[in-house]
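Single-structure report; data block below.
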Amino acid sequence: MNKREIILETNNFQPGFSGNFIFDQKAKKFLNKIEIDLDELCAKFLLEEFDDLRPVKFYGQFPALNYLIENIREFKFEGAHPGASKDPRKENSRVLGQTICRYFVEKTFGTGFMANIGTLLGRKLPPEFAHISVDRIQEGDTPDFLFIDNNNAPCLAEAKGRRTAVPFSDNKFDTWRKQFEKIEVKINGSPTEVKGYITELAIANEDNKMSNSIFYVEDPKLEGKEYNDGNLDQLIKLAHYERILARTYLNFVGNSLLSNEKLSQSKNYGVRVFKVAGIEALRNHEIVPLYEFLPNRFFLKNAIFIGISFAVLKNLLHIARGNQIGLYESVKYINFNSVFFQFIDGFTVCNSNLLEYVERREI
């Protein structure tokens, strides 16, 4: 497997931390480095940056990783890369920082469900979520993401990607801390206690002479009443699916999940269904692509398939039609030889040769 190591620096974590990935549960101490699976990182990137108007064909379309120095263990780039000039470098740093942040949350807390704060700020939510609000209380930049951790606690995350390291003691880091003061998560009108994670990926390359990239993680805590309302978890899950499906031909499902206007109960929708034929343990597991295409034109050499579990999509359509919320198919995380990734939200990124076309099906 294609793996790289990144230096880890942590700060301000509370006693009793129970996450993984950055923490040795046996020794009860934080690690000094983390290991990144580049193939899985690429799979996460392809989902995050997905646009069915530009269907991806291979993992190399994560542009930043094309410039990693070969045959070393460090997460370090050639020259001044990633990016050939100022604007591409800034964008690559942002995308790398956000993708690594999502990777960190999923590996540390076991959740792949993250809502973009910007889509929830001041939003009028459906009746079942009317007692929840995410409010801006100050002007300025806000954290990027909202998620629920492995202890059922709501958390905010702010993701940074930079070419120079900003240590915890730097004034710049202090301005990032203040972003958490810009918003409140409220339950029944009262602020709820929220944990906050600031993640910074300081990107090493040959020009800045850093020996390796550094991943900084800090755990500030926001005051409020102890969280005890399970509906926030459901809201985050639906916002997560909305964000990804909204960029696909299935946007009519995604955009109806948190809308007061629901899809018809009587109208059926046609989707193309594939099954996993190349992995015995997953044989006949059914997946729907996130883009429309003619099956006989899709299977190109090294083509990458991006899709969603058919069972999960059916449940989401059930909700988009205005039915009961909370019907989520239980999905197991799978990494099969770094060529088939199934994430716990039901999204799949894999080599298309592992699949067989079944039929066009009405749901």
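Here, residue 1 is the first one in the sequence, and each next residue gets the next number. All of these numbers come straight from a predicted model, not from anything done at the bench.
Few gaps surround CG on D24; more than 12 heavy atoms of other groups in view lie less than 6.0 Å from it. More than 12 heavy-atom neighbours from other residues, nucleotides or ligands sit within 6.0 angstrom of NZ on K262.
The distance from the CD atom of Q265 to the CG atom of N323 is 4.5 Å, given to the nearest 0.5 Å.
Applying the ring-ring contact (aromatic ring centres under 6.0 Å, His included) criterion to F21, with sequence neighbours excluded, gives Y103. Residues forming a ring-ring contact (aromatic ring centres under 6.0 Å, His included) with F104 (at least two apart in sequence, or on another chain): F109, F215. F168 pairs by the ring-ring contact (aromatic ring centres under 6.0 Å, His included) definition with F173, Y216, not counting sequence neighbours. Considering only residues two or more places apart in sequence or on other chains, H81 meets the ring-ring contact (aromatic ring centres under 6.0 Å, His included) condition with Y67.
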Residues E5, I34; criterion side chain to side chain contact (heavy atoms under 4.5 Å, CB included); working and verdict: CA-CA 6 Å; E5 293 177 347; I34 55 175; over 6 Å; no
Trace of the ring-ring contact (aromatic ring centres under 6.0 Å, His included) decision for F347 with F343: CA-CA 6 Å; F347 288 109; F343 299 104; 8.7 Å; no
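Hydrophobic cluster of I69: the remaining members, joined at side-chain heavy-atom separations below 4.5 Å, are I72, listed by chain and number.
Considering I363, L316, I319 in turn, L316 is the only one that fulfils the side-chain contact (heavy atoms from CB on, under 4.5 Å) rule with V253.
Using a 4.5 Å heavy-atom cutoff, the side chains of T248 and I308 are not in contact.
A donor-acceptor pair under 3.5 Å links the side-chain atoms of D149 to the main chain of N152, judged by distance alone.
Aromatic pair Y269/F252: ring centres closer than 6.0 Å. In this structure, F113 has its ring center closer than 6.0 angstrom to the ring center of Y241.
Legend: salt bridge (charged side-chain N to carboxylate O under 4.0 Å, His left out) pairs involving residues 109-131, not counting sequence neighbours, sorted by first then second residue: R123-E242.
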